[in-house]
Amino acid sequence: MNHMIRLAIQKSGRLSEDSLNLIRECGISFLSSTYKLKTEATNFPLEILFLRDDDIPGYVQDGVADLGIVGQNVLIEAGYPALEVETLGFSKCRLSLAVPRGANYTGVGDLEGKNIATSYPEILGRYLAGEGVKAQLHTISGSVEIAPSIGLADAICDIVSSGSTLLGNGLREVETVFRSEAVLIANQNLSAEKQELLDQLRFRMQAVRRARRNKYIILNAPIAALDQVKALLPGIKSPTVTKLAEEGWVSVQSVVNEDDFWHVTDQLKAVGAEGLLVLPIEKMIA
Ligand SMILES: Nc1ncnc2c1ncn2[C@@H]1O[C@H](COP(=O)(O)OP(=O)(O)OP(=O)(O)O)[C@@H](O)[C@H]1O
Ligand SMILES: O=P(O)(O)OC[C@H]1O[C@H](OP(=O)(O)OP(=O)(O)O)[C@H](O)[C@@H]1O
Ligand SMILES: [Mg+2]
């Protein structure tokens, strides 16, 4: 009986570093080198395959790999949405339509009858059908942003993050077609043993993600402001409150969401909190 689970990740590209970091932050150790396309973890029954990202959904669907990490854009384009089991919060980007900066564009209807270059004909085709627009799609596998300037297309649909590639190629983003982030995908017919390993991995990944989204905060506050501080820092169950040696003051320890951090800090200071210390959290198990 094979009790090892096989995870496919991108060999080199936008997903690689964050995928490797996530596995390591889950407490899994392994040796990796540029030339080795397969490695085994030393402290978890996990084998890691290093592949082109486009091949990962098909391999997981067929059971060649049990698990994979890919962008939702690649997963949906490949036609296997049901394989997704966990969003991972990195490699966030969008698939957008763009036209030459000077082109007259009033709405998606303007693309009727036009040539559009893309690496995502399935996702784009569905989007345009939903908008009732008929266009000619030219599928190219990379450097899509060059297409209008060499007369290959009137518009493009490709991945955008900062927008610098569009800017550098004289293009203007006009419609968001799809929003994407990295996801963990899994074969749908895993053995009971592999399902158990997947559950363990998901548990660890969730603890890592939760920890990344939160900070540990320690502060001093006058006892008179304690109720307001508690309301601002509810923590996981409730904050820890200990007396300071100085009369009339307490130390409060709690957890705060990164997104709320600056807003909450301003309010804490406004009610008299002092000496705030903020620490990263390594793992967070609810
Ligand atoms: N600029 C970006 N910012 C954030 N995420 C991105 C960006 N570009 C791509 N991604 C995400 O990362 C995934 C991999 O992108 P990458 O450019 O490395 O793919 P690729 O060139 O097709 O790689 P491969 O050689 O493995 O086929 C994309 O499918 C997308 O989900
Ligand atoms: O909006 P931006 O921040 O400029 O990012 C968008 C670019 O990033 C990706 O390409 P990448 O740089 O990964 O190169 P690739 O074409 O080799 O995949 C994507 O295909 C876009 O071209
Ligand atoms: Mg690819």
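In each ligand, atom 1 is the first atom listed, and ligand 1 is the first ligand listed. Note that these values count all heavy atoms, side chains included, but never hydrogens, waters or copies made by symmetry.
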### Protein non-hydrogen atom found under 4.0 Å from atom 1 (O) of ligand 2
yes

#### Entry: Identity and separation of the nearest protein heavy atom to atom 10 (O) of ligand 2
Arg14 NH2, 4.3 Å

### Query
Can you find a protein heavy atom under 4.0 Å from atom 27 (O) of ligand 1?
yes

### Query
Taking Leu244 as the fixed residue, which of Ile223, Asn220, Val250 is the one that meets the side-chain contact (heavy atoms from CB on, under 4.5 Å) rule?
Asn220

### Message
Under 4.0 Å from atom 15 (P) of ligand 2, is there at least one protein heavy atom?
### Response
no

## Note on the structure
Checking heavy atoms under 4.0 Å, the part of Arg14 that sits near ligand 1 is both

### Check: Gly163 N/O within less than 3.5 Å of ligand 2 N/O
yes

#### Entry: Nearest protein heavy atom with distance in Å, relative to atom 23 (O) of ligand 1
Gln10 NE2, 2.8 Å

### Task
Distance to 0.1 Å, residue and atom name: give those for the protein heavy atom nearest to atom 3 (O) of ligand 2.
Ser162 OG, 2.6 Å

### Task
Among all protein heavy atoms, pick the one closest to atom 24 (P) of ligand 1 and tell me residue, atom and distance.
Arg52 NE, 3.0 Å

### Task
Tell me, please: is Gln72 in heavy-atom contact with ligand 1, that is, under 4.0 Å?
no

### Query
Looking only at protein heavy atoms, which one is nearest to atom 14 (C) of ligand 1, and how far off is it?
Asp53 OD2, 3.4 Å

### Query
At what distance is the nearest protein heavy atom to atom 6 (C) of ligand 1, and which residue and atom is it?
Cys93 SG, 3.9 Å

### Query
Can you tell me which residue and heavy atom of the protein come closest to atom 4 (C) of ligand 1, and the distance to 0.1 Å?
Lys92 O, 3.4 Å

### Task
Might you check, step by step, whether the distance between atom 18 (O) of ligand 2 and some protein heavy atom is under 4.0 Å?
no

### Query
Does any N/O atom on Ser143 come nearer than 3.5 Å to any N/O atom on ligand 2?
no

### Atom name of the N, O or S atom in Asp54 that lies nearest to the Mg ion (ligand 3)
OD1

### Task
Answer with side chain, backbone, both or neither: which part of Asp158 has a heavy atom less than 4.0 angstrom from an atom of ligand 2?
side chain

### Query
In Asp53, what N, O or S atom is nearest to the Mg ion (ligand 3), if we give its atom name?
OD1

### Query
Within a strict 4.5 Å, meaning less than it, do heavy atoms of the Arg212 and Glu25 side chains meet?
yes

### Task
Tell me whether the guanidinium CZ or amine NZ of Arg24 lies under 6.0 angstrom from the six-membered ring centre of Phe30 and within 45° of its axis.
yes

